There are 2 protein chains.
Amino acid sequence: MTEPAPVYASGVDHERLTAQLRFILEVDKLKRILRRNLLVDGSRRENDAEHSWHLALTARVFAEYAPAGTDIDRVVELLLIHDIVEIDAGDTFVYDAHASRSQRERECVAADRIYALLPEEQGARLRELWEEFEAAKTPEARFAKAVDRLSPMLANWHTDGGTWVQYGVSKEQVMEKVRIIAEGSEALGSYAAALIEDADRRGYFAG
Amino acid sequence: MTEPAPVYASGVDHERLTAQLRFILEVDKLKRILRRNLLVDGSRRENDAEHSWHLALTARVFAEYAPAGTDIDRVVELLLIHDIVEIDAGDTFVYDAHASRSQRERECVAADRIYALLPEEQGARLRELWEEFEAAKTPEARFAKAVDRLSPMLANWHTDGGTWVQYGVSKEQVMEKVRIIAEGSEALGSYAAALIEDADRRGYFAG
Ligand SMILES: [Ca+2]
């Protein structure tokens, strides 16, 4: 862990600010966690930090496709923090059934460590947001999940099938993700379904 | 420019969605725009997309240091889009006086092109947010600027002086940035000042 500079700012609760800085410096590591999918231009693998930025902006642009009454500010907040646990737990490829089984446990241990760096009430609040995202029960979490699932589909379509081709993913496996998208947004679900039909015509799926 | 997949989603305004997808695919390029400063661990240069994510999260964590009444959701929104113009205009190093003179013009041309990819009213709204950030007149824009200026200071301090040492930056030049931070947040301004005093003791500044 990176220790904040040993300096005192006048008029500021030093212990509190130091805890916040410790968290901010720690999450910088998310920039080094690589996902499977490539950037849209195919030049390299995407990292979790830039991915989170792209999702947050995408959620704003697609706000009108969320169910009426969805709080987009909270969707953005969920997306900003949703992958932080991967600093310790690593990125779990959505089509890796073996890794997915141990994922929840590994991610909880990571959340215990990383959110505890913050002042207690602040860490608890961010951790609750992460649990909300994971549970996918609120419209905000479902819409955030929809955007999160759509994003690698776009990247794959634009990189000649990307990870679908590379890892031999079947259309059936991808259709499970389309269902998750449709649960968060009818419009984005409809678009994802059309995109997958097109990808199928192009021969991007295994089996 | 990357063209969205030629597919039609049922029940969705195709032209509108295609314009939004064009924008979302275009801004993926921000992941390839490199800044001068390194990651906190010193391993490589930071890109604009992951930088924007880190700032948005930092603004949330430091929300209590914004003036009372500051709308942190809008601060986050400003930070998510603040560097998009750099896709065309490139990153302008804050201590490069020559590049800074042509920066505003280059960035306006970029904003004209990139925000126009979106449906008109949506593009106009995001562009207005960018202008708000640039003008630094609202508490939200000032707090966003404060976080944006503090971030490379943290990275520099944690990488043995980073770009301050590499480009021979003077303490006087850095103190101008500390003033910008103090305009957005008294507490963060106070912390930045203490950090710079410490960096000075460590001999990180030129002159
Ligand atoms: Ca910049």
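Keep in mind the model is a prediction, meaning the values are calculated, not measured. Proteins come first, then strands; the chains are lettered A, B, ... in the order of their sequence lines, and each starts at number 1.
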query: A:D91 and A:L34: side chain to side chain contact (heavy atoms under 4.5 Å, CB included), yes or no, with the steps?
result: CA-CA 7 Å; A:D91 177 55; A:L34 295 182; over 6 Å; no

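- A:R104 and A:E131 are joined by a salt bridge, as a carboxylate oxygen and a charged side-chain nitrogen come within less than 4.0 angstrom of each other.
- One distance of note links CZ of B:R36 with OG1 of B:T92; it measures 9.0 Å at 0.5 Å rounding.
- Within the 4.5 angstrom heavy-atom criterion, atoms from both the backbone and the side chain of B:V61 approach chain A.
- For A:A89 against A:A110, the heavy-atom pair with the smallest separation is N-CB, 4.4 Å.
- Side-chain contact annotation: A:E120 with A:Y115, donor-acceptor N/O pair under 3.5 Å absent.
- Inter-residue side-chain proximity for B:V94 and B:E176 is flagged as unmet; no heavy-atom pair is nearer than 4.5 Å.
- With salt bridges taken as basic N to acidic carboxylate O contacts below 4.0 Å, none links A:D73 and B:R74.
- With a 4.5 angstrom heavy-atom cutoff, A:F23 touches chain B only via side-chain atoms.
- When B:K31, B:E77, B:R32, B:K29 are compared by the number of non-hydrogen pairs under 4.5 Å with chain A, B:K31 comes out ahead.
- No more than 12 heavy-atom neighbours from other residues, nucleotides or ligands sit within 6.0 angstrom of CD on A:E172.
- For B:D13 (side chain) and B:R16 (main-chain N/O), a donor-acceptor pair under 3.5 Å exists by modelled atom type.
- Under the 3.5 Å distance criterion, with hydrogens and angles disregarded, no donor-acceptor pair is assigned to the side chains of A:Q20 and A:E15.
- When heavy atoms are compared at a cutoff of 4.5 Å, B:Y65 approaches chain A solely by way of its side chain, counted from C-beta outward.
- Atom CG of residue B:L25 and atom CG of residue A:L39 lie 12.0 Å apart, to the nearest 0.5 angstrom.
- Contact of A:V27 with chain B is made through backbone and side chain together, with heavy-atom distances under 4.5 Å.
- Using modelled atom types, one side-chain atom of A:T18 and one backbone atom of A:H14 make a donor-acceptor pair closer than 3.5 Å.
- With sequence neighbours excluded, the residues that form a side-chain contact (heavy atoms from CB on, under 4.5 Å) with B:E3 are B:M1, B:R22.
- For chain B, the nearby part of A:V12 is the side chain; its heavy atoms alone come within less than 4.5 Å.
- Most heavy-atom pairs under 4.5 Å with chain B, from the set A:I72, A:I81, A:L30: that is A:L30.
- Between A:D88 and A:R106 there is no salt bridge, since no side-chain N of the basic residue sits under 4.0 Å from a carboxylate O of the acidic one.
- Within the 4.5 Å cutoff, side-chain heavy atoms of A:K177 are placed close to those of A:Y95.
- Residues of residues 43-60 of chain A lying under 4.5 angstrom from chain B, judged on non-hydrogen atoms, are A:S43, A:R44, A:E46, A:N47, A:A49, A:E50, A:S52, A:W53, A:H54, A:A56, A:L57, A:T58, A:R60 in numerical order.
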- request: Let me see the working for A:Q122 and A:R127 under side chain to side chain contact (heavy atoms under 4.5 Å, CB included), right down to the final yes or no.
  value: CA-CA 9 Å; A:Q122 202 169 23; A:R127 197 198 157 121; over 6 Å; no

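- Contact of A:L17 with chain B is made through backbone and side chain together, with heavy-atom distances under 4.5 Å.
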task: Output, in order, the C-alpha distance, side-chain angles, deciding distance and verdict of side chain to side chain contact (heavy atoms under 4.5 Å, CB included) for B:I84 and B:W130.
output: CA-CA 9 Å; B:I84 285 177; B:W130 175 66; over 6 Å; no

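- Among the residues in residues 178-189 of chain A, those with a non-hydrogen atom closer than 4.5 angstrom to a non-hydrogen atom of chain B are A:A187.
- Two residues are said to be in side-chain contact when any heavy atoms from C-beta on lie closer than 4.5 Å; A:Y204 and A:I196 fail this criterion.
- B:V40 touches chain A through backbone and side chain together, each having a heavy atom under 4.5 Å away.
- Using a 4.5 Å heavy-atom cut-off against chain B, the contacting residues of residues 132-171 of chain A are A:L154, A:W157, A:H158.
- Looking at B:L118, only its side chain comes within 4.5 Å of chain A, counting heavy atoms on both sides.
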